[in-house]
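Below, read A as the first sequence line, B as the second, and so on, with proteins coming before strands; counting in each chain starts at 1. Values in this document were obtained by computation on a predicted structure and should not be read as measured data.
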Amino acid sequence: MDRLKDIGLHLLHWYNENKRDLPWRKTKDPYKIWISEIMLQQTRVDTVIEYYLRFLKRFPDVFKLSEAREEDVLSAWKGLGYYTRARNLQKAADFIVKNHGGVFPSTFEDIRRLPGIGEYTAGAVLSIAFNQEYPAVDGNVLRVISRIEGLEEDIGKEKVKKGIGEIVLKMMPEGNASDFNQSLMELGALICIPVNPICRECPVNGFCIANLTERQNELPFKIKKEKNTEPIEYWVAVIQDKHHILMEFRSRESLLGRMWGFPMIEKNETEEFEKQFEEKYGLKLKKKSVIGTTKHVFTHQVWKMIVVRCELEEKHSFASELRWISEEEQKELPIPTAFQRVFKLLDNENGWEQMELET
DNA sequence: CAGACGTGGGG
DNA sequence: TCCCCAAGTCT
């Protein structure tokens, strides 16, 4: 008897009985599987579902995606985060159209070469869409296999990931790469969850070293990263005329680069508000009132945004990355969540006024 | 290899 | 409120 193969069979059977009904499980179209896999990177299933459906309606195949304006792709992505994913998606679509005649490649090497596709995603697309026997080692799989095998090594190490991939291949029931890989991830999502896994309901609890030795909360071993930095404080300028608001197309190098935000400068003890806005944007501003503050937490930094209503001093020209934006445009443009928060503040402000009128 | 890169949900 | 995380990739 082969322990690893036994485990594989149990997982596959469990998956067939317990898998969730997710939109990307209704298709084998590699294009759609690919879109789902990219969206699911570091992102929750519940969040992805609506984006996935909307994205495919808008870009139903690789040609449509390839032809689209980058701004429209980003707009479909806004709020999902990690916006490089959206740009790479389009670059890859372009490449597939130009070099593969629009047919999604079906070898590991060709898929792995596409921008935005790493070791995990290549294995996922190849196994899920083409049922080829490659491992797809994501965070779930690292956790599930570490626990089953009682692995003590740091799962952040490339060597460990490779080793876990090999174990996955040994478990994989013949001819079932697609369902088996998904079964590992599904188990990790539903049962073998990071904290307090539900071992009682696990189909392989009898095989699982972590469960048998009651170490399910100690595994997998992961080196903790440094966390919460001090917030960086910004002055954020809200400059409105009758029906427009002045927004900035952010520079390529900046965080949230090549998307739309508000003119803003880092709060600085030595330099004045007015001087900084003039130097950076050519904007002559008069500070009117503080609308409020809002915080946005990124993985690696925190913004504290002090939102200030400003008036333009006089008619003058300003930096070309600034543009008057109408309300309709506001809905279409790729404006990330960090700046949607500012609109929220403005809405609240109006809401307060209305409440005051009513009472 | 470590750090950049978003966001929202749950304990 | 705070902290951790979730189907990673690129540099």
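One can place CD1 of I164(A) at 14 Å from P of dG8(C), the figure rounded to the nearest angstrom. Residue L22(A) contributes atom CG, which lies 17 Å from atom P of dA6(C) at whole-angstrom precision. Atom NZ of K91(A) is separated from atom C1' of dC10(C) by 11 Å (rounded to the nearest Å).
For the residue pair Q182(A) and Y15(A), a side-chain donor N or O sits within less than 3.5 Å of a side-chain acceptor on the partner. For the 3.5 Å distance criterion, the side chains of Y120(A) and E37(A) qualify, holding a donor opposite an acceptor. Counted by atom type alone, R85(A) and T43(A) present one or more donor-acceptor pairs between their side chains at under 3.5 Å. Under 3.5 Å, the side chains of S66(A) and K98(A) contain no donor-acceptor pair of N or O atoms.
Within 4.0 Å of R143(A), counting heavy atoms only, lie sugar-phosphate atoms of the nucleic acid but no base atom. Base contact: R25(A) has a heavy atom under 4.0 Å from a base atom. Among the atoms of the strands shown, only primed sugar atoms or phosphate atoms (P, OP1, OP2) are found under 4.0 Å from some heavy atom of E119(A). Using a 4.0 Å heavy-atom distance criterion, I223(A) is classed as making no nucleic acid contact. Across all strands, W24(A) comes closer than 4.0 Å to base atoms (heavy-atom distances). Within the nucleic acid shown, R258(A) has no heavy atom closer than 4.0 Å to any nucleic acid atom.
Pairing each heavy atom of S127(A) with each of G123(A), the nearest pair is OG-O, 2.8 Å. Looking at every heavy atom in both residues, Y51(A) comes nearest to A76(A) through CD2-O, 3.5 Å. Minimum heavy-atom separation, I33(A) to S36(A): O-OG, 2.7 Å.
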Residues Y281(A), E248(A); criterion side chain to side chain donor-acceptor pair (under 3.5 Å); working and verdict: CA-CA 9 Å; Y281(A) 298 107; E248(A) 174 194 16; 2.9 Å; yes
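Comparing N88(A) and V45(A) against DNA chain C, the residue whose closest nucleotide sits nearer the 5' end is V45(A). Comparing S36(A) and I117(A) by the nucleotide of DNA chain C that holds the closest heavy atom to each, the one mapping nearer the 5' end is S36(A).
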With a cut-off of 3.5 Å and sequence neighbours excluded, list every side-chain donor-acceptor pair involving residues 292-311 of chain A.
unit_1: H296(A); atom_1: ND1; unit_2: R341(A); atom_2: NE; d: 2.9
unit_1: H296(A); atom_1: ND1; unit_2: R341(A); atom_2: NH2; d: 3.2
unit_1: Q301(A); atom_1: OE1; unit_2: W303(A); atom_2: NE1; d: 2.9
unit_1: K304(A); atom_1: NZ; unit_2: E233(A); atom_2: OE2; d: 3.2
unit_1: R309(A); atom_1: NH1; unit_2: Q240(A); atom_2: OE1; d: 2.7
unit_1: R309(A); atom_1: NH2; unit_2: E349(A); atom_2: OE1; d: 2.7
unit_1: E311(A); atom_1: OE2; unit_2: K288(A); atom_2: NZ; d: 3.4

Strand DNA chain B as a dot-bracket string - pairs counted if Watson-Crick or G-U with both distances under 3.5 Å, | where the partner lies in another strand: .||||.|||||
B/S/- contact track for nucleotides 5-11 of chain B, protein heavy atom under 4.0 Å: BBBB---
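Taking atom P in both dC5(B) and dA6(C), one finds a spacing of 23 Å when rounded to whole Å. dG3(B) and dC4(C) are spaced 16 Å apart, taking the P atom of each and rounding to whole Å. One P atom belongs to dG6(B), the other to dT11(C), and the distance between them is 14 Å to the nearest Å.
Side-chain proximity of K295(A) to the nucleotides dC5(C), dC2(C), dG8(C) is greatest for dC2(C).
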